[in-house]
There are 2 protein chains.
Amino acid sequence: MTLLSYDEFIMETSTALDGLTSFYKLLSNRSRLAIVLELRSGEANVAELCHRTGLSQTLVSHQLAALRNADILRVRRAGKHTYYQLADEHITTIVGYALEHLGEREV
Amino acid sequence: MTLLSYDEFIMETSTALDGLTSFYKLLSNRSRLAIVLELRSGEANVAELCHRTGLSQTLVSHQLAALRNADILRVRRAGKHTYYQLADEHITTIVGYALEHLGEREV
DNA sequence: TTGACACATGACACTATTATCATATGATGA
DNA sequence: TCATCATATGATAATAGTGTCATGTGTCAA
């Protein structure tokens, strides 16, 4: 637990807010979220993701680029194929948790 | 564990995907998220939220309306004031969890 | 009842996001 | 080298989301 000055506090909370906003923004698109959900079960290449999500190759590539730019993905190239996986288990956990808790709400 | 037909499965996953997308979309706006984060520490009225978030009254009201429409808020009217709180602990948990795990990422 | 306060709502201009089409790149095998 | 496969990228039209101004509604106190 670090003691922060007011300015540092404002900075901290502001960047946490911004960070969280960007993170949620990333997941707030159906196509992108579908890809992330698919990747929870492990690595997949673009064609596989297209097939599983029903999205076009172009769209999948675009969304993968967005996820990549946010450092949410790990990329592995193998010949003609490019394999993607979630960068770390935190993403999987966060999303899984949300999914679980949302299910429990009486919405 | 229920056994679903293909169509039911598609329905289920599709609505879960849609639900999660809408949920994330709701949190993907800085102002709205700031309000939600504030409300984690309990009930607050509009003026209080304006003060704490630094947002205009109009904007806060608009965002509260959005959150209300998504059944994320509980409303209590008391005289001239309107008090808002998060509808259930799931929201708090989901957001807190994301905040915590995002902090642990080396982004 | 009137004025002031607390909040809500509608309309709007501005900006951002979305998915698509067309095309580029890069690797592989013939 | 060339054709082809797998994927990436740029441009663009359509749509959605953002915050603000103006104004409406309901409550209370005088």
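Lettering of chains follows the sequences in order, A, B, ..., and the numbering in each one begins at 1. Hydrogens, waters and symmetry mates are skipped; everything else that's a heavy atom, side chains included, is used. Model, not experiment: these values are computed from the prediction.
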Contact check, residues 75-83 of chain A vs DNA chain D, heavy-atom distance under 4.0 Å, returns A:Lys80, A:His81, A:Thr82
Kindly say if B:Tyr84 contacts the phosphate of C:dA6, meaning a side-chain N or O under 4.0 Å from OP1 or OP2. no
Those residues at least two apart in sequence (or on a different chain) that pass ring-ring contact (aromatic ring centres under 6.0 Å, His included) with B:Tyr83 are none
Separation of D:dA8 atom P from A:Leu67 atom CG, nearest Å, is 12 Å
A side-chain contact here means heavy atoms from C-beta on lying under 4.5 Å apart; do A:Leu39 and A:Leu49 qualify?
yes
Its contact letters, B for base, S for sugar-phosphate only and - for none at protein heavy atoms under 4.0 Å, make nucleotides 15-21 of chain D read --SSSBB
Expected list for residues 41-53 of chain A near DNA chain D, using heavy atoms below 4.0 Å, is A:Asn45, A:Val46, A:Ala47
Are A:Leu20 and B:Val95 close enough that some pair of their side-chain heavy atoms sits under 4.5 Å apart?
yes
Which side-chain N or O atoms in residues 60-67 of chain A pair as donor and acceptor under 3.5 Å with protein atoms at least two apart or in another chain?
from, atom 1, to, atom 2, distance (Å)
A:Ser61, OG, A:Gln57, NE2, 3.0
A:Gln63, OE1, A:Arg32, NH1, 3.2
A:Gln63, NE2, A:Asn29, OD1, 3.2

Rounded to the nearest 0.5 Å, the CD1 atom of B:Ile94 sits from the CD atom of B:Glu89 at a distance of 10.0 Å
Here the salt bridge (charged side-chain N to carboxylate O under 4.0 Å, His left out) pairs for residues 56-67 of chain A, sequence neighbours left out, are none
Indicate if B:Tyr97 and B:Leu26 have the same hydrophobic cluster label, given that clusters are the connected sets of ILVMFWY residues with side-chain heavy-atom separations under 4.5 angstrom. no
A:Leu27 side chain near B:Phe23 side chain, heavy-atom distance below 4.5 Å: no
Residues B:Arg68 and B:Leu73: closest non-hydrogen pair is N-CD1, 4.2 Å
- Task: State, with a plain yes or no, whether a side-chain heavy atom of B:Leu102 is found less than 4.5 Å away from one of A:Tyr24.
- Result: no
What I want to check is whether an N or O donor and acceptor connect the side chain of B:Gln57 with the base of C:dA8 at under 3.5 Å.
yes
From CD1 of A:Ile35 across to P of D:dA8 the rounded distance in Å is 11 Å
